[in-house]
Amino acid sequence: MAQLYTPSQIVKNFPRTCLRGIGQVMFQDNMWTGLLFVIGIFWGAYAEGFPAVAWGLVVGAVVSTLTGYILQLPDKNGAQGLWGFNGCLVGCAFPTFLGNTVWMWIALIICSAMTIWVRTGLDNVLGRWKMSSFTFPFVLSTWFFLLASRLLHGMPPEYMGSPELPGDVHTALNTGFGDLVVYWLKGIAQVFLINNWVTGIFFIAALAVSSIRAAVWAMISSAIALATVIWWQGPGADISEGLYGFSAVLTGIALGATFCNFSWKSAIWTVIGVFITVFIQAAMNAFFSPIGLPTLTGPFCVATWIFLLPAYEFFQPKNAQ
C-alpha cells in the first residue's frame with residue numbers, strides 16, 4: 001500500500017531528507033554530514049570555475065527527493081536519505097560533462113527523477129542476494145544521457161573526453177610530498193566530481209562528524225589507490241586530478257565501515273577490495289574510452305558487488321540494503 005504524505009509532513013522533513021540524501025553518497029545517514037558535503041562542494045565548484053556543479057547538486061537532490069514523495073515510496077527510505085543520493089550525483093555530473101544550456105538542466109531534472117524508479121527496480125532484483133544497487137542507478141541513468149548528448153546538441157558534450165582507443169597515456173607526474181597530499185585529497189573530493197583538494201578536507205571532516213571509522217577508511221582508501229596507480233605507472237594527468245581515488249574511497253567506506261562487521265578479516269578484505277578497485281577503474285577507463293564515456297562510480301559498484309557477494313562465505317556482513 002502506498003505511503004501517503006501530507007503537505008505539512010513534506011515541508012517539515014524535506015530539508016533534513018535532502019541533506020541526508022547527500023550524506024548517503026558516502027553511506028552516512030546524517031544531515032550534518034550532508035551539510036558539510038554541500039559546503040565543500042560549493043567551495044570546490046566555485047574555486048575551480050564550475051559553479052553549475054554545485055547548483056546541479058542542489059537541483060538533483062531536490063528533484064529526486066520530491067520524486068520519492070510524489071511516487072509515495074516508503075517513508076523509511078526517504079527518512080534515511082535513500083531517495084536523494086543518486087539524484088544529487090546526477091546533478092554534479094551533468095554540468096561537469098555537458099554544456100550549460102537550458103536543455104541540459106531540463107535533462108538533469110528528468111534524469112534525477114529517473115534514478116528513483118531505476119533504483120527501486122534494481123534493488124528489487126539485487127535484494128534477492130541481500131545486495132543494494134549502490135550508486136549504479138546514477139551511473140546507468142547518466143550513461144544514457146551522456147551517450148545521447150553525442151547526437152542531441154541541445155546538451156552539448158563540451159567537457160567529455162574525445163572517443164579514442166586506449167594507448168600509451170603515461171605522462172609525467174610530480175611526486176613531491178605536497179603534490180602527493182593534494183592528489184590524495186582530490187581522490188576523496190572526486191566522489192562528487194570536484195577537482196579541489198580543500199573539498200577533500202571538508203569531506204573528511206563531514207565523514208568524521210558521522211563516523212570516525214568511515215573517515216579513516218576514506219583516507220586509507222585514497223592513499224592505497226594513489227600508491228597503487230603510481231606504482232603501476234598510471235596516467236599522470238588522471239592521478240593528479242584524483243580520478244583513481246574516488247571509486248576506491250567508496251569501496252573502502254562500503255566494505256570497511258558500512259556493510260561488514262569490524263574484524264581483522266574484514267579489514268584485510270577491505271584493503272584487497274580497494275586495491276582491486278584501482279584495476280577495475282583502469283579496465284573500465286580503457287573499455288569506455290573508445291566512446292568517450294566516463295566510468296563515473298561504476299568501478300566502485302562492480303568492485304563492491306564482487307567483494308560483498310562472497311563475503312557471506314568468509315564472515316557475516318551486515319545487510320547491504
Side-chain angles (χ1 to χ4, degrees), residues 10-46 48 50-69 73 75-96 105 108-109 111-116 118-119 132-139 141-142 188-196 198-211 214-215 218 246-247 249-250 253-254 257-258 296-297 300-301:
I10 295 174
V11 171
K12 178 182 177 181
N13 297 327
F14 194 78
R16 180 178 58 190
T17 301
C18 277
L19 288 173
R20 283 182 170 177
I22 295 169
Q24 283 285 11
V25 171
M26 295 198 205
F27 305 103
Q28 304 308 305
D29 178 12
N30 187 298
M31 64 176 290
W32 301 112
T33 295
L35 181 60
L36 285 172
F37 281 168
V38 171
I39 294 171
I41 290 162
F42 268 84
W43 174 287
Y46 273 85
E48 298 303 315
F50 281 89
V53 174
W55 292 109
L57 167 93
V58 174
V59 172
V62 168
V63 168
S64 54
T65 302
L66 275 177
T67 303
Y69 282 115
L73 296 177
D75 184 54
K76 180 181 178 182
N77 282 349
Q80 293 175 348
L82 298 178
W83 294 341
F85 69 96
N86 283 293
C88 72
L89 287 173
V90 170
C92 290
F94 273 50
T96 296
W105 287 99
L108 185 157
I109 290 170
C111 188
S112 296
M114 177 180 169
T115 61
I116 293 297
V118 171
R119 177 182 179 272
S132 168
S133 58
F134 302 128
T135 58
F136 197 67
F138 148 66
V139 174
S141 301
T142 304
I188 300 171
Q190 285 283 7
V191 170
F192 283 91
L193 296 95
I194 300 294
N195 182 27
N196 184 276
V198 176
T199 297
I201 296 176
F202 275 107
F203 286 2
I204 293 171
L207 288 168
V209 166
S210 177
S211 168
F246 63 94
S247 276
V249 165
L250 289 173
I253 297 173
T258 307
L296 305 175
T297 55
F300 145 67
C301 295

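On a predicted model such as this, the values are computed, not experimentally measured, just so you know. For the numbers below, each heavy atom of this structure counts, side chains included, while hydrogens, waters and symmetry mates do not.
- The CZ atom of R119 sits 11.0 Å away from atom CZ of F134, with the distance rounded to the nearest 0.5 Å.
- Here the closest heavy-atom approach between residue C92 and residue L193 is recorded as CB-CD1, 4.0 Å.
- Taking the six-membered ring for Trp and thresholds of 30 and 60 degrees, F27 and F300 have ring planes more than 60 degrees apart, a perpendicular arrangement.
- Side-chain atoms of T297 do not come within 3.5 Å of backbone N or O of S247 as any donor-acceptor pair.
- Listed for the T65 side chain is no donor-acceptor partner under 3.5 Å among the backbone atoms of W83.
- Counting heavy atoms from C-beta outward, F14 and T17 have side chains that stay 4.5 Å or more apart.
- You'll find the side chain of F192 reaches within 4.5 Å of the side chain of L89, heavy atoms only.
- Between V90 and S112 the shortest heavy-atom distance is CG1-OG, 3.6 Å.
- Atom CG of L57 and atom CG of L108 lie 10.0 Å apart (nearest 0.5 Å).
- Rounded to the nearest 0.5 Å, atoms OG (S141) and CZ (F136) are 9.0 Å apart.
- Taken to the nearest 0.5 Å, the CD atom of Q24 stands 10.0 Å off from the CG atom of N30.
- Between L250 and M26 there is a side-chain heavy-atom pair separated by less than 4.5 Å.
- Closest approach of C111 and T142 over heavy atoms only: SG-N, 3.9 Å.
- A side-chain N or O of S210 and one of Q28 form a donor-acceptor pair less than 3.5 Å apart.
- A donor-acceptor pair under 3.5 Å is formed between the side chain of T258 and the backbone N or O of I253.
- Checked against a 6.0 Å centroid threshold, the rings of F37 and F202 do not count as neighbours.
- Counting heavy atoms from C-beta outward, N13 and Y69 have side chains that approach closer than 4.5 Å.
- Note that CD of Q190 is 10.0 Å distant from CG of N196, once rounded to the nearest 0.5 Å.
- Scanning all heavy atoms of the two residues, the minimum distance from L207 to A214 falls at CD1-O, 4.1 Å.
- Side-chain atoms of E48 do not come within 3.5 Å of backbone N or O of I194 as any donor-acceptor pair.
- Distance check, rounded to the nearest 0.5 Å: CG of L19 to CH2 of W32 gives 8.5 Å.
- Shown here for G84 and S64, the closest heavy-atom pair between the two residues is CA-OG, 3.4 Å.
- Considering all non-hydrogen atoms of both residues, T33 and A206 come closest at OG1-O, 2.8 Å.
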